[in-house]
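See structure below.
Atom set for the values below is all heavy atoms of this structure, side chains included, hydrogens, waters and symmetry mates excluded. We name chains A, B, ... by the order of the sequence lines, and we start the count at 1 in each one.
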Amino acid sequence: MLNPSQKQAVEHLHGPALVLAGAGAGKTRVLTQRVAYLLDRNLVDPSRILVVTFTNKAAREMRERLAKLLGWEQVKQIWAGTFHAICCRILRQEIESLNLGYTGQFAIYDPKDQEKMMDLTIRSLNLDPKDYQASKLLQIVSRLKNSDLPPEAVSASDFEDAFQLKVYRQYQETLRLNNAMDFDDILFLTLRLLREQPDARHRLQQRFAQILVDEYQDTNTVQFELIRLLGDAHRNIFVVGDVDQSIYSFRHANFRIILRFQEDYPDARLIKLEENYRSTGRILAAANALIQRNSERFDKNLIATRGQGQPLRFVQTLNEDEESAWIVKQIKKLQEQEQIPFGSFAILYRTNAQSRIYEQRLIQYGVPYHVVGGFRFYDRREIKDLLSYLYVLQNPLDSLSLKRILNVPKRGLGAKAVEMLETSASFEGRGLTLWDAIQTERVTAQLPSSKAQEALQTLAWQLRQWRQEPMPVSELIERVYHESGYRAELEQEPDSKKRVDRQENVTALIQAALEYEAEAEDKTSLTGFLEKIALFSDTDNLKEQNQAVNLMTVHGAKGLEFPMVFIPAVEEGIFPHVRSILEESNGAIEEERRLMYVAVTRAQDRLFMTFAGQRRNRRGVVNSRLSRFVLEMGEHLELPGELLADVQRYNYEQRLKKMNLKGVKDLPDLTDLPGESRSEPETVPLHPATRRIAQMVQQKQAGTQSALPASAQRPAMPAGRVPQPDMPRSAPAAKAAAALVVGDRVRHPSLGDGQIEKIIPPLAKIRFASGVKTLHLQSAPIEKIS
DNA sequence: CCACTGTCACTTTTT
DNA sequence: GTGACAGTGG
């Protein structure tokens with residue numbers, strides 16, 4: 001069953017080991033088998049094994065597989081989960097020993113909570129939220145925390161702007177006062193605990209006799225340190241990964257950590273798994289050709305074990321409507337003619353926003369489907385509202401959640417009332433928490449109307465009641481739902497579709513609580529339930545459904561495999577994403593290339609890639625340009641003749657670029673998309689594929705009126721000129737912006753004067769005194785100055 | 001002072 | 001399709 005390398009990995013016993021495995025080489029299998037091997041021979045106690053997986057689902061699957069081999073009794077003692085889940089478990093027990101003011105009931109703030117919190121922090125420092133965007137500061141804060149740099153370790157000179165340090169400090173302090181953590185803190189505080197509490201450190205180090213880490217290429221500095229510290233006593237650290245599949249650098253993952261493993265652990269044993277058992281030879285050949293373009297990697301090739309298989313298909317369509325229709329028809333055809341179950345198909349797109357058109361088309365053709373990711377169930381408004389009650393009951397210090405429920409359902413406590421409560425709380429008792437404030441008559445008596453006072457008193461009384469009485473989580477939710485008046489308010493919702501939808505969501509939440517209770521040791525434990533929800537991702541929910549087409553992002557498909565894979569919109573700006581093209585360095589494009597590599601290697605039997613000549617975006621229709629990745633895989637795809645010439649040209653240019661950077665100037669810059677601006681001095685030649693599409697559009701228009709939007713129907717399209725998108729509604733600024741070209745100087749009301757560095761519709765990179773900004777050309781309030 | 005309505009800008013990837 | 005914001009009516 002196991003090949004020699006796999007066997008070697010499974011039976012590795014002591015000391016550090018690095019398993020480098022290409023896609024489909026049986027990484028997860030090796031991991032599971034090794035745990036089984038260790039347990040089966042009684043080499044280690046199950047409670048002393050730590051397995052870090054990338055998703056909760058992966059952990060659950062591994063447990064299930066192990067349970068079949070070894071029985072549930074043993075398996076449930078293993079520590080298996082994501083970094084976040086494991087750190088949470090440690091922190092719930094140990095955080096109080098750090099004496100930072102956190103209790104074991106700490107709340108976990110999701111990205112939306114974080115943003116609110118950050119916004120409040122910025123305002124509390126009297127900074128203008130327009131100059132200091134919460135999202136941007138959160139990025140900075142997250143980068144620091146994931147680079148192991150607490151507020152104490154950085155100084156003002158590390159920032160572009162001294163206020164950013166203040167914000168960082170204040171933000172952390174506010175979280176602490178709320179007994180709350182964001183995702184980064186969960187890891188960060190665990191690391192801090194291990195460093196500062198020798199007791200806890202020794203206990204945990206002694207405990208984990210064997211540590212196994214999956215998807216090691218996606219670990220970041222803090223995660224690396226965590227593993228290093230936890231494994232320090234026994235040094236049995238077994239990591240598995242593939243540099244070419246590192247796709248989470250936006251979450252500060254650093255694939256150099258895996259490249260460096262042998263330096264950090266000189267005695268590490270290196271095992272390579274290069275035989276691929278998943279995909280056909282043709283799929284692997286394309287994947288190899290693609291990934292070889294990346295510079296920073298271990299050279300390796302996937303070796304096919306399954307024969308060549310069928311050719312990879314590349315399909316060009318006129319526009320996205322025809323693209324989605326082609327995909328769905330193709331799925332139907334394969335299902336009908338070859339009896340391939342719908343569950344064998346996956347449509348893997350770059351961004352969540354792309355899913356809608358495929359969904360609509362699948363509905364139209366009556367094909368069952370299942371979307372993974374996107375909007376999480378727990379992000380729905382009514383769910384967050386009800387959960388906020390639970391959060392407050394669990395952790396009264398959580399003022400963010402408390403604020404959320406003060407006037408939900410409506411109690412006549414508006415913004416002014418909340419503000420008054422807050423100021424009064426900090427004023428009256430020198431730092432009363434909001435929770436204390438609403439329980440204090442002296443504070444509540446200051447509310448203007450007696451109606452508001454009564455409402456608040458009722459709420460405070462209810463919260464105390466719910467807190468006192470232990471009851472199963474599902475029962476608690478029901479009581480909150482009824483007694484708070486939420487249910488009554490929901491019944492008043494006039495839009496019946498919305499109303500029913502929301503009521504169903506509440507029922508689903510109660511159902512989820514019941515499911516939790518079925519497994520939980522303590523049915524009344526809010527902490528356990530809320531934690532499960534906070535760390536839950538939609539990917540974790542993917543069931544082995546054989547009867548529905550799977551739709552998800554490429555990120556969501558990591559670790560999965562499907563017999564039939566469709567990758568739509570292989571276009572510059574989508575895949576690779578615009579943001580990565582705009583990036584100065586090559587690193588972002590290399591990451592996109594790895595992402596494409598992941599997408600391609602998900603396919604077991606057949607792979608389809610589709611290209612739409614025109615695509616609608618918010619403002620109009622844009623001509624597409626073929627993704628460079630298709631050109632890079634060109635020799636392994638069935639391409640029409642004209643495109644083959646493009647592949648050769650592309651390869652020639654790339655070689656030139658590599659050999660002689662000077663010569664590049666004479667060549668058309670492939671990283672630039674065709675410009676949309678009318679006044680651009682020289683016309684940008686259209687990509688041949690796009691030109692052909694343009695001709696097709698014209699021919700079609702000569703016949704019947706197509707369903708294309710007006711802008712695409714403009715009759716004569718001069719060669720080499722891109723059709724103008726529809727003029728946006730806000731005319732004046734847009735008109736000025738539409739005429740802008742690279743090099744123009746512009747004025748922005750808050751950012752001042754700047755110069756345009758790059759235009760990739762609809763975005764432009766503009767250098768201002770404060771730094772380079774990427775703005776939406778059509779909507780940004782910029783004006784050309786001469 | 002609260003609640004409702006219309007307007008506008010924004011949309012990578014996720015534990 | 002969402003969420004933040006401003007303006008208006010009760």
Nearest heavy atom decides the nucleotide; on that basis, is A/P111 or A/R350 closer to the 5' end of DNA chain B?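 Whichever sits nearer the 5' end wins; that is A/R350.
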
Legend entry - Residue closer to the 5' end of DNA chain B, A/A534 versus A/K416 (nearest nucleotide):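 Going by which nucleotide is closer to the 5' end, it is A/K416.
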
Is A/A417 touching bases, backbone alone, or none of the nucleic acid, heavy atoms closer than 4.0 Å? sugar-phosphate

Quick one: label A/F83 by what it contacts on the DNA or RNA (base, sugar-phosphate, nothing), any heavy atom closer than 4.0 Å. nothing

Is it true that [X] and [Y] have a side-chain N and a carboxylate O under 4.0 angstrom from each other?
X      : Y      : result
A/K145 : A/D185 : yes
A/D385 : A/R404 : yes
A/K558 : A/E215 : yes

Would you indicate, yes or no, if [N] has its OP1 or OP2 atom less than 4.0 angstrom from a side-chain nitrogen or oxygen of [X]?
X      : N      : answer
A/R579 : B/dT12 : yes
A/N220 : B/dT15 : no
A/N407 : B/dC2  : no
A/T351 : B/dT11 : no

Out of B/dT15, B/dT14, B/dA3, whichever nucleotide has its closest atom nearest the side chain of A/K410:
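Side chain of A/K410 sits closest to B/dA3.
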
Exercise. Would you confirm whether the ring centroid of A/H555 sits within less than 6.0 angstrom of the ring centroid of A/F250?
Key: yes

To the nearest 0.5 Å, atom CG of A/N550 lies from atom NE2 of A/H370 at 6.5 Å

Can you tell me how far CG of A/N505 sits from NZ of A/K384, rounded to the nearest 0.5 angstrom?
->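 If I round to the nearest 0.5 Å, the distance is 14.5 Å.
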
Residues 79-90 of chain A side chain polar contacts: donor-acceptor under 3.5 Å, at least two apart:
from	atom 1	to	atom 2	distance (Å)
A/T82	OG1	A/H84	N	3.4
A/T82	OG1	A/A85	N	3.0
A/H84	NE2	A/F183	O	3.4

Has A/H577 got its ring stacked on the base of B/dT12, with centres under 5.5 Å and planes less than 30° apart? yes

A/L421 atom CG is separated from B/dC2 atom P, nearest whole Å, by 10 Å

DNA chain B in dot-bracket form (Watson-Crick or G-U pairs under 3.5 Å, [ ] crossing, | inter-strand) is |||||||||......

